[in-house]
Amino acid sequence: MPAVPSHPGASRTRSWWGWGYTDAHPDDAECAAMGALLPGTLSRPLPIPRVTDLSIARPVVTPPPALAHLVTTEPAARAAHAMGKAYRDVIRALRGRPGRIPDLVARPTDNQQVADLLDWAGEHGVAVIPFGGGSSVVGGVEYRGDTHRAVLSLDLTSMNRVLEVDTASRSARIQAGALGPVLEDQLRPHGLTLRHFPQSFEFSTLGGWLATRAGGHYATGHTHIDDFAQSLHVVTPAGAGTSWRLPASGAGPSPDRLFLGSEGALGVITEAWMRLQERPRYKASTSVAFADFRQALDAVRAIAQSGLAPANCRLLDPGEALLSGASHDGSTVLVLGFESATIRVDDRLSDALDLARAHGGRGGAPTPDRDAPPDAAVSAWRSAFLRMPYLRDGLARMGAVVETFETAATWDRIPALVEAVRSEVGAAALKATGHPATVNCRLTHVYPDGAAPYFTVAVAGRPGDELGIWDDIKAAANDVLHRHRATITHHHAVGRDHRPGYDLQRPEPFALALRAAKNALDPHRILNPGVLID
C-alpha cells in the first residue's frame with residue numbers, strides 16, 4: 001500500500017510552479033545528477049522561476065462589494081492558480097510562459113457564496129475555473145482561449161470541514177475543498193477513514209477527486225472515488241441540488257453519475273456524503289520478482305481473477321523497478337499487499353503468492369503482521385511513489401521532456417498495447433529529439449477483465465522546444481491508445497490535453513446529451529470552458 005503522508009506542516013510552502021512543497025524539490029546538484037543519466041540534457045539546471053519575473057496584467061473586472069471579501073488579486077495567488085502540475089505546466093513556468101493568468105482568485109466558505117459568485121460571473125462574462133488542490137496533470141484547471149472577458153479561479157479549499165458523521169451507516173458529509181490530510185485528520189477520531197490515497201493525496205481535494213473520477217489506494221475492487229460517493233451537492237448556474245443518500249438505487253440514470261468526472265464543466269461539487277470504513281488493523285505485504293514480464297502479466301491476471309482482492313497489486317517492469325529502487329538485476333517486480341480492519345490477512349497473501357509463483361515468480365517472504373516492516377523492494381517503491389513527481393520537475397529543469405500517461409484495456413489487449421507504446425512512443429521521442437527515450441511501464445490497478453498500465457517517457461529535449469516535443473510524444477501516445485481501444489485516461493481525467501482522445505472515445509449520442517446538459521446547466525458557458533465539450 002502507498003505510504004500515507006502526514007498532515008502537512010503549517011510552516012511549509014507550496015510551490016507555485018511545480019509539484020508539492022518548495023523544500024522537497026531536488027537541489028541543483030541532484031538535478032544535474034539526474035540529467036547526467038539522460039544524454040543530451042542541459043549542463044546545468046534552469047533557474048527556479050519567480051512570480052516577480054512574470055508579466056501579470058491588472059484585472060479587467062472588479063467584484064461587487066458583497067463579494068469583494070472572498071476575492072484576491074494578489075499576483076502570487078493568481079500565478080499559483082494559472083495552471084496545474086503537468087510537465088507542460090512546469091516547463092512553461094520554467095520558461096516564463098505560464099499562459100493566461102486568472103484575473104481573480106475567489107475562496108468561498110459556503111454553498112451560497114459559490115452560487116453568488118457564479119451568478120455574478122454569468123452576468124459579466126467571466127469564465128470560472130473550479131480549483132481544488134491544483135494537482136491536475138491534463139490542463140484541467142487553466143483557461144485557454146480568449147472568448148471570455150475575464151477569468152476567475154474558484155478555489156474551494158476554505159470549504160474543508162467534515163460536517164456530519166453517520167457511524168451507523170459509516171458515512172460522512174464532507175465539504176469538497178478538504179485536502180486529503182485535512183479530511184483524514186477529521187475522520188480519525190471516529191475510527192473511520194475514506195482510505196482514498198492517490199499519489200496527489202497531500203495536494204488534492206475531495207471535490208477534485210469526485211470531479212475527475214480519481215483512482216486511489218486500492219489496486220483492485222474499490223479503485224475509483226465513484227465507489228465511495230453516496231450523495232453529491234452540486235451548485236450550477238441554473239440552481240443547486242442534492243441527490244438522495246442511498247446504499248443503491250435503480251431509479252433511472254444516476255444523478256451523481258452526471259457530475260462524477262464532469263471536471264467542473266457542468267457544476268461545482270461543494271459537498272458529498274462519502275462511504276467510509278474502519279481503519280485497517282491488519283496489513284501484510286511483500287514483493288515477487290519475475291524474469292519475464294509476460295509471465296508477470298499472467299500472474300497478475302490470475303490474482304485479479306482469484307477473488308482475493310489485494311489492496312496493492314502493482315507490477316513494475318524492469319525499467320520502473322530500477323527507477324524506484326525495487327530491483328537492480330533487470331527483474332520485473334510485483335508489489336503485493338493486503339489489509340483488513342477485522343481479520344488477519346496472512347492467508348490471503350500466501351494464496352496470492354502461490355499464484356504468483358505458479359507463473360514464474362520468485363521470492364516473496366510475507367510480512368507476518370501489521371507491526372513488521374515491509375521488505376526492501378516494497379519500501380523502495382513506497383518512497384519512490386511519493387518522490388517521483390519532484391524528480392520529474394528536477395528533470396524538467398535539466399531540459400528533459402517527461403510525460404506520464406495511463407490507460408486501461410481488457411486483458412486480451414494488454415500485452416500488445418504495452419509493446420506498441422514502448423516501440424511507437426519511443427520511436428516518436430527519438431524522431432523528435434534525436435535522443436533515445438526511456439519508456440517504462442507499471443500496472444497501477446487491476447481488474448478481473450483488464451488492467452491499467454501507467455507509462456513514463458523521459459528523453460532529452462531541445463532547449464526552448466520542450467513543449468513541441470511533448471506535443472509530438474503525446475500525439476503518438478494518443479494514437480496508440482486509440483488504435484488498441486484503450487481508454488484515453490484511467491484516472492488522470494480528460495482536461496484539455498486529452499480532449500482529442502476523449503472526443504473519439506465517447507459515443508456521439510452521449511456527446512449530444514452532454515452538450516444539452518451543458519446548455520441547460522451553464523447557459524452563459526462560463527464553467528471551465530473547453531473541458532469535455534465546447
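All values below were derived from every heavy atom in this structure, side-chain atoms included, with hydrogens, water molecules and symmetry-related copies excluded.
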Would you be so kind as to tabulate the donor-acceptor pairs closer than 3.5 Å made by side chains of residues 288-303, with sequence neighbours excluded?
from: D292; atom 1: OD2; to: R294; atom 2: N; distance (Å): 3.1
from: D292; atom 1: OD2; to: Q295; atom 2: N; distance (Å): 2.8

> Going by distance alone, is a donor N or O of one side chain under 3.5 Å from an acceptor N or O of the other, for S331 and R362?
Replying inline: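 Judged by distance alone, the side chains do pair up.
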
Taking NZ, NE, NH1 and NH2 as the nitrogens, is one of them in [X] or [Y] under 4.0 Å from a carboxylate oxygen of the other?
X	Y	value
E339	R348	no
E466	R95	yes
D534	R144	no
R496	E263	no
E403	K474	yes

Beyond-backbone contact of [X] with [Y], side-chain heavy atoms, under 4.5 angstrom:
X	Y	answer
L336	S285	no
H492	Y454	yes
W17	I91	no

Side-chain ([X]) to main-chain ([Y]) donor-acceptor, under 3.5 angstrom:
X	Y	value
D227	T223	yes
S262	A265	no
K85	G18	yes

Could you state the interatomic distance from [atom1] ([X]) to [atom2] ([Y]), rounded to the nearest 0.5 Å?
X	Y	atom1	atom2	answer
N528	L266	CG	CG	10.0 Å
E419	H484	CD	NE2	10.0 Å
E30	M398	CD	CE	12.0 Å
R213	I225	CZ	CD1	11.5 Å

Check residues 501-509 and write down every donor-acceptor pair under 3.5 Å in which the side-chain atom is one partner and the other belongs to a residue at least two apart or another chain.
from: D503; atom 1: OD1; to: R499; atom 2: NE; distance (Å): 3.1
from: D503; atom 1: OD1; to: R506; atom 2: NH2; distance (Å): 3.1
from: D503; atom 1: OD2; to: R499; atom 2: NH2; distance (Å): 3.2
from: Q505; atom 1: OE1; to: T487; atom 2: OG1; distance (Å): 3.2
from: Q505; atom 1: OE1; to: I488; atom 2: N; distance (Å): 2.9
from: Q505; atom 1: NE2; to: T487; atom 2: OG1; distance (Å): 3.2
from: R506; atom 1: NH1; to: L532; atom 2: O; distance (Å): 2.7
from: E508; atom 1: OE2; to: R515; atom 2: NH1; distance (Å): 3.1

> For D27, which residues count as a salt bridge (charged side-chain N to carboxylate O under 4.0 Å, His left out) partner, sequence neighbours excluded?
Replying inline: none

>> Is it the case that over 12 heavy atoms from other parts of the model lie below 6.0 angstrom from the CG atom of D471?
In response: yes

>> For R44, is the CZ atom crowded, meaning more than 12 foreign heavy atoms sit under 6.0 Å from it?
In response: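 For R44, atom CZ is not crowded (no more than 12 foreign heavy atoms under 6.0 Å).
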
>> For H491 and H224, I'd like to know if the aromatic rings sit close, meaning centre-to-centre distance below 6.0 Å.
In response: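 That pair fails the under 6.0 Å test.
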
>> Are Y390 and Y21 an aromatic pair, judged by ring center distance below 6.0 Å?
In response: no

>> My understanding is that only residues two or more places apart in sequence, or in another chain, count here; which of them pass ring-ring contact (aromatic ring centres under 6.0 Å, His included) with H196?
In response: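 Testing H196 for ring-ring contact (aromatic ring centres under 6.0 Å, His included), a comparison that skips the adjacent residues, returns W209.
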
> Is there any ring pair (Phe, Tyr, Trp, His ring centres under 6.0 Å) pair reaching into residues 403-441, and which pairs are they, with sequence neighbours excluded?
Replying inline: F405-F455

>> Once salt bridge (Lys or Arg N to Asp or Glu O under 4.0 Å) is applied, what residue pairs with a partner in residues 425-444 remain, sequence neighbours excluded?
In response: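 Every salt bridge (Lys or Arg N to Asp or Glu O under 4.0 Å) pair that includes a residue of residues 425-444, provided the two are not neighbours, is E320-R442.
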
